[in-house]
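Keep in mind the model is a prediction, meaning the values are calculated, not measured. So that the names make sense, note that chain A is the first sequence line, chain B the second, and so on, each numbered from 1.
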Amino acid sequence: MHELSIVLNIIEISEQEARNAGAESISCIELDIGKLSTIEPAAFDFAWKQGVRGSMLEQAELITNYIPGKGRCSNCRTVFDLNALYDPCPECGEYLSEVVEGKELKIKSIRIEEKLVT
Amino acid sequence: MCVTCGCGRDHVHDDYDHHHHNHSHSHSHGNGNNDVQDKLINLEKDVLYENALLAQRNRGYFDAKNIFAVNLVSSPGSGKTMLLERTLKEIGSELKFFVIEGDQQTSLDADRINATGTKAVQVNTGKGCHLDAHMVLHAIQDLKPDENSILFIENVGNLVCPSMFDLGENERVVIMSVTEGDDKPIKYPDMFHTSGVCIINKTDLLPYVSFDMDKAIENAVKINPKLQFFQVSCTTGEGMDKWYDWLKQRQAELNPA
């Protein structure tokens, strides 16, 4: 259940950014999560519900972009869709050396309500 | 609920004290004006960047002191602690070793290591399923490993979660045993993908189990063609000499000519 520590990291980073901007709550958060990042969506959603309680993200809309995996063949350099780390290259049958997409784990953006100073 | 810091004692986190959430913060916006506007903040920030920073800090410490740091990962019961015990007993007088033991509970493993005469500290992660760079940072402060030594970091027995957390190690070593399935690498690909070395332990039990060594290696290489293998038995000592040679060579490579 490393998903919970990932959720706690997300809360910490986004709360810090929101506070720096003078906000008291976050209305929306957008995440990029690679399908090869070892984050299990169901476990993540469960951890999210528990983790955000009492935080600035409690009411926030959660937008999760799950990024499909892409690998570059170590032999012929073909870039191909990678559903699992052991998928062979469709061109030459070699196993990959490099994941080029699908390992993402980042906060793209947060939406806050900023108080207008008059 | 903090799975970020497993130190379990009073200390000052210096510039990292923001690890601990402070939900009771208060500040005033002054004029009581409730007019608000929606604002989008583009962050594009890696969720694990804090861990990555601390891992780099650990790495810098290891580099400066010529310490070869090894992160040992495996499922529970594959023989990580026994591998360490045997290694320390057999070549503990030739090389200087230090050990960080990670477990959810108890100091049993650190006690086992200390009994070999090697200095070890235990990190209890509580409910946490992995070590992170922050816990290792504190453990290093306790342990104060010598220059030109080898630091073993025995991670929590878990083949999934620890793969995500860089500790600043020089090498990640995944251990599996012949009493597990030869399909383990493809069932838990991430750990094999992020490791440089794979130790296959308990080879003395091969006559009694259906484990297919060639198949296991073939599966692991599908995930990581660069993996280097050692087949060992920590009970009989078979194959351990190659592991020792590798450790000595890697430590020696760090020493300036």
### Task
Check the angle between the aromatic planes of B/Phe68 and B/Trp246 and answer parallel, tilted or perpendicular using the 30° and 60° thresholds.
perpendicular

### Query
Relative to the ring of B/His130, is the ring of B/Phe165 parallel (under 30°), tilted (30 to 60°) or perpendicular (over 60°)?
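The arrangement is parallel - the two ring planes meet at less than 30°.
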
### Message
With a 4.5 angstrom heavy-atom cut-off, is it the side chain or the backbone of A/Ile13 that approaches chain B, or both, or neither?
### Response
side chain

### Engaged part of A/Ile39 at the chain B interface, taking heavy atoms whose separation is under 4.5 Å
side chain

### Query
What part of B/Phe192 gets closer than 4.5 Å to chain A, counting heavy atoms only: side chain, backbone, both or neither?
neither

### Summary
Note: B/Val70 and B/Val173 closest approach over all heavy atoms is CG1-CG2, 3.5 Å

### Task
Under 4.5 Å, counting heavy-atom pairs only, tell me which of B/Asp190, B/Asn51, B/Val160 racks up the most with chain A.
B/Asp190

### Task
Using a cut-off of under 4.5 Å on heavy-atom pairs, state which of B/Pro189, B/Pro185, B/Ser163, B/Pro162 scores highest against chain A.
B/Pro189

### Message
Looking at B/Phe211, I'd like to know if its CZ atom is crowded, meaning that more than 12 non-hydrogen atoms belonging to other residues, nucleotides or ligands lie closer than 6.0 Å.
### Response
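More than 12 heavy atoms, drawn from other residues, nucleotides or ligands, come within 6.0 Å of this atom.
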
### Query
Under the 3.5 angstrom rule, does the side chain of B/Asp182 hit a backbone N or O of B/Asp212 as a donor-acceptor pair?
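Answer holds: yes.
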
